[in-house]
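The next block holds one structure in the form of structure tokens; read it before the comments.
Below, each value reflects all heavy atoms present in this structure, side chains not excepted, and no hydrogens, waters or symmetry copies.
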Amino acid sequence: MARLGGCPGLERLLEEVGRDPEVELGEIATPEEVVPEFSRWPRPLDMWPLWLLLLERGYRPRAVVARPRSRMAVERIVEAAAASGGCLVPRGGGSNVVGASPPIGCCLVLDLTGLDRVIWFSGEDLAIHVEAGARVSQVEEWLNTRGYTLGYHPQSERLATIGGSIAMLGSGAGPGAG
């Protein structure tokens, strides 16, 4: 992984996070790249308008992605970021067409899509507990096999995650709307 000069908080954060067996680290792009290719950005769908403006103004990404495999790993990353002074930018399914928070500066992108399990469901209470990275369509299909529906059908249903929908106050059409 390329060294991110001028980012001491991020470098300390990466040292700590890199030792965690439940976290996969990867780079979006290295600082040396003159013009990054869109294919290097994981799921670039959510910031396309802002991305074009940033590239036009000379912005070159230099971000590292951490993909935790458990809630406890997320907690350790957040604690390490607080201790090191590193910046975190959460990332879900990448469905927000109005632009997401780009990793400007010395930030670690926290990709939550690996946290996609249904934890529990109560048909009696109509309550479900899922991890933040679960896609809306995945939860809908899971419920449908049990005779239930989430009743939340945004245009981006195949990409949107539950955590991202909650964080962005997402709205969507109900069943039969269209």
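In this structure, CG on Leu10 lies 9.5 Å from CG on Leu88, to the nearest 0.5 angstrom. In this structure, Leu150 CG and Asn144 CG are separated by 9.0 Å, a value rounded to the nearest 0.5 Å. Rounded to the nearest 0.5 Å, atoms CZ (Arg135) and CD1 (Ile162) are 11.0 Å apart. For the atom pair Leu126 CG and Thr149 OG1, the distance stands at 11.0 Å (nearest 0.5 Å). Summarising the geometry, atom CG belonging to Leu14 is positioned 6.0 Å from atom CG belonging to Leu108; distances are rounded to the nearest 0.5 Å. The CD atom of Glu79 sits 12.0 Å away from the CG atom of Leu13 when rounded to the nearest 0.5 Å.
Taking the centre of each ring, Phe121 and Trp142 come in below the 6.0 Å mark.
A single hydrophobic cluster is not seen to contain both Val130 and Met72; linkage of ILVMFWY side chains at heavy-atom distances under 4.5 Å, directly or through other members, places them apart.
Ile77 and Ala66 make their closest contact through CD1-CB, 4.3 Å (heavy atoms, listed as atom of the first residue, atom of the second, distance). Between Leu115 and Ser70 the shortest heavy-atom distance is CD2-N, 3.4 Å. Shortest non-hydrogen contact noted between Ala160 and Ser165 is CB-OG, 3.9 Å. The two residues Arg12 and Ser84 come nearest to each other via the heavy atoms NH2-O, 2.8 Å.
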Could you walk me through whether Ile128 and Leu143 pass side-chain contact (heavy atoms from CB on, under 4.5 Å), step by step? CA-CA 9 Å; Ile128 188 168; Leu143 286 168; 3.9 Å; yes

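By the 4.5 Å heavy-atom criterion applied to side chains, Gln138 and Asp116 are counted as neighbours. Between Val136 and Thr161 the shortest side-chain heavy-atom distance does not fall below 4.5 Å. Counting only heavy atoms from C-beta outward, the side chains of Leu25 and Val65 never approach each other to under 4.5 Å. Within the 4.5 Å cutoff, no side-chain heavy atoms of Val64 are placed close to those of Val109.
Residues passing the side chain to side chain donor-acceptor pair (under 3.5 Å) test with Arg76 are Asp20, Glu22, sequence neighbours excluded. Residues forming a salt bridge (Lys or Arg N to Asp or Glu O under 4.0 Å) with Arg71 (at least two apart in sequence, or on another chain): Glu75. Residues passing the side chain to side chain donor-acceptor pair (under 3.5 Å) test with Arg69: none are found, sequence neighbours excluded. Taking Thr145 as the reference, nothing meets the side chain to side chain donor-acceptor pair (under 3.5 Å) condition, with sequence neighbours excluded.
Within the structure, every pair that satisfies the salt bridge (charged side-chain N to carboxylate O under 4.0 Å, His left out) test and touches residues 140-157, not counting sequence neighbours, is listed here: Glu141-Arg158.
In this structure, the side chain of Glu24 does not engage the main chain of Pro68 through any donor-acceptor pair within 3.5 Å. The backbone N or O of Asp111 sits nowhere less than 3.5 Å from a side-chain atom of Arg67 that would complete a donor-acceptor pair.
Grouping Ile, Leu, Val, Met, Phe, Trp and Tyr residues whose side-chain heavy atoms lie under 4.5 Å apart, directly or via other members, places Ile119 in a hydrophobic cluster with Trp120.
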